[in-house]
Amino acid sequence: MTKKDRYQFVIDYFSEHAPDAETELFYDNPYQLLVAVILSAQCTDKRVNLTTPAIFDRYPGPEALSEATFDELFPLIRSISYPNNKTKHLIGMAQMLIHDFNGEVPMTVNELIKLPGVGRKTANVITSVIDNQPNMAVDTHVFRVSARLGLTTRAKTPLQAELQLIKYFPKELIHKAHHWLILHGRYICLARSPKCEACGLKSICLYYKKLQSA
DNA sequence: ATCCCGAGGG
DNA sequence: CCCTCTGGAT
């Protein structure tokens with residue numbers, strides 16, 4: 001089976017059996033999505049959604065957030081992973097939006113990653129979700145699932161995986177594929193004990209094949 | 001114990 | 001490349 005066949009199988013499968021998202025990040029505009037994605041690192045969407053309404057209420061936009069103090073924002077983020085870092089990141093991010101980007105969320109990856117708390121994964125999420133750019137955000141799920149399925153080969157970094165994935169997935173499907181792989185990783189292809197018997201992709205899965213031969 | 005839609009710094 | 005940050009869910 002060629003790599004191209006492998007991608008086609010995955011595309012065909014998910015086109016018929018799109019995984020259902022139980023929870024998704026809540027947002028109403030680019031600023032809100034940016035805040036939510038920064039907060040989502042190492043944290044469930046559900047918990048992020050529990051904290052963002054209060055943040056959006058008190059800091060409706062970059063202007064307000066750029067003037068927030070650490071002590072005032074920290075309590076709103078206290079229950080999320082890395083609250084110290086994220087509090088500093090959010091305030092610094094808003095300040096840079098005001099000072100360097102006219103208070104607007106920039107829509108290129110290279111600009112976005114200049115913002116505090118925004119790395120490549122976050123920048124790819126923003127540009128693909130808001131602006132429909134054919135970028136693949138590689139998080140822990142996408143990285144793991146792609147490797148197991150053989151969509152990526154010897155990728156040692158998220159960037160290496162990203163370049164392989166955008167090369168093989170048709171542009172118009174990258175956004176969908178991103179979501180497919182994340183949800184598959186969240187509900188079926190778990191990091192610890194993947195539910196291979198419930199997986200419709202096991203017939204092409206390298207990880208499953210290896211399990212059988214072991 | 002181990003994992004969550006990572007980023008920054010050494 | 002490595003390490004640290006660091007709360008909640010399971």
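Per chain, numbering begins at 1; letters A, B, ... match sequence-line order.
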* To do: Tell me whether the OP1 or OP2 atom of B:dC4 has a side-chain N or O from A:Arg144 closer than 4.0 Å.
  => yes
* Euclidean distance, atom CE of residue A:Met93 to atom C1' of B:dG6 [Å, nearest integer] -> 15 Å
* Sub-4.0 Å heavy-atom contacts from residues 72-89 of chain A onto DNA chain C, ordered by number -> A:Arg78, A:Ser79, A:Ile80, A:Ser81, A:Tyr82, A:Pro83, A:Asn84, A:Asn85
* Should A:Arg120 be listed as having a side-chain N or O under 4.0 Å from OP1 or OP2 of B:dA7? -> no
* Asked: Once you round to the nearest 0.5 Å, how far does CG of A:Asp45 lie from CZ of A:Arg186?
  -> 5.0 Å
* To do: May I ask you to decide if the ring planes of A:Phe14 and A:His184 are parallel, tilted or perpendicular, using 30° and 60° as cut-offs?
  => perpendicular
* Structure fact -> Whole-Å distance, A:His175 NE2 to B:dC5 C1', equals 12 Å
* **Nucleotide of B:dC3, B:dC5, B:dG6 approaching A:Ser40 most closely (side-chain heavy atoms)** => B:dC5
* To do: Mind checking A:Val138 for me? I need base, sugar-phosphate or nothing, with any heavy atom below 4.0 Å counting as a touch.
  => nothing
* Expressed as a whole number of Å, how far does the C1' atom of C:dT6 sit from that of B:dC3? -> 13 Å
* For A:Lys114 and B:dA7, give me the distance from atom NZ to atom C1', rounded to whole Å. => 18 Å
* Of A:Lys46 and A:Cys43, whose nearest nucleotide on DNA chain C comes first from the 5' end? -> A:Cys43
* How long is the gap from CE on A:Met107 to CG on A:Leu112, to the nearest 0.5 Å? -> 6.5 Å
* **C:dC5 to B:dC4 separation - C1' atoms, rounded to the nearest Å** => 15 Å
* Structure fact -> Whole-Å distance, A:Gln42 CD to C:dC3 P, equals 16 Å
* Taking atom C1' of B:dA7 as reference, at what distance in whole Å does atom CD1 of A:Ile38 sit? -> 10 Å
* Relative to each other, are the rings of A:Tyr13 and A:His17 parallel, tilted or perpendicular (30° and 60° limits)? -> parallel
* Round to the nearest Å and state the distance from A:His184 atom NE2 to B:dC5 atom P. => 15 Å
* Base, sugar-phosphate alone, or nothing: which one does A:Pro158 contact when heavy atoms must sit under 4.0 Å apart? -> nothing
* To do: Starting from C1' on B:dC4, measure out to CG on A:Asp45 and report it in whole angstrom.
  => 9 Å
* Name the closest nucleotide to the A:Arg47 side chain, picking from B:dA7, C:dA9, B:dC3. => C:dA9
* Nearest-0.5 Å distance that lies between atom OG1 in A:Thr87 and atom OH in A:Tyr82 -> 14.5 Å
* Mind checking whether A:Tyr59 and A:Leu76 have side chains closer than 4.5 Å, heavy atoms only? -> yes
* Contact nearer the 5' end of DNA chain B, comparing A:Ala191 with A:Val118 -> A:Ala191
* Select base, sugar-phosphate, or nothing to describe what A:Leu115 touches, counting heavy atoms under 4.0 Å on all strands. => sugar-phosphate
* Is A:Arg58 salt-bridged to A:Glu72, going by a charged N under 4.0 Å from an acidic O? -> no
* **A:Tyr187 OH - B:dC4 P separation (whole Å)** => 13 Å
* Map A:Gly117 and A:Ala137 onto DNA chain B by nearest heavy atom, then report which one ends up closer to the 5' terminus. => A:Ala137
* To do: State plainly whether the residues A:Lys202 and A:Glu197 are in salt-bridge range, i.e. N to O under 4.0 Å.
  => yes
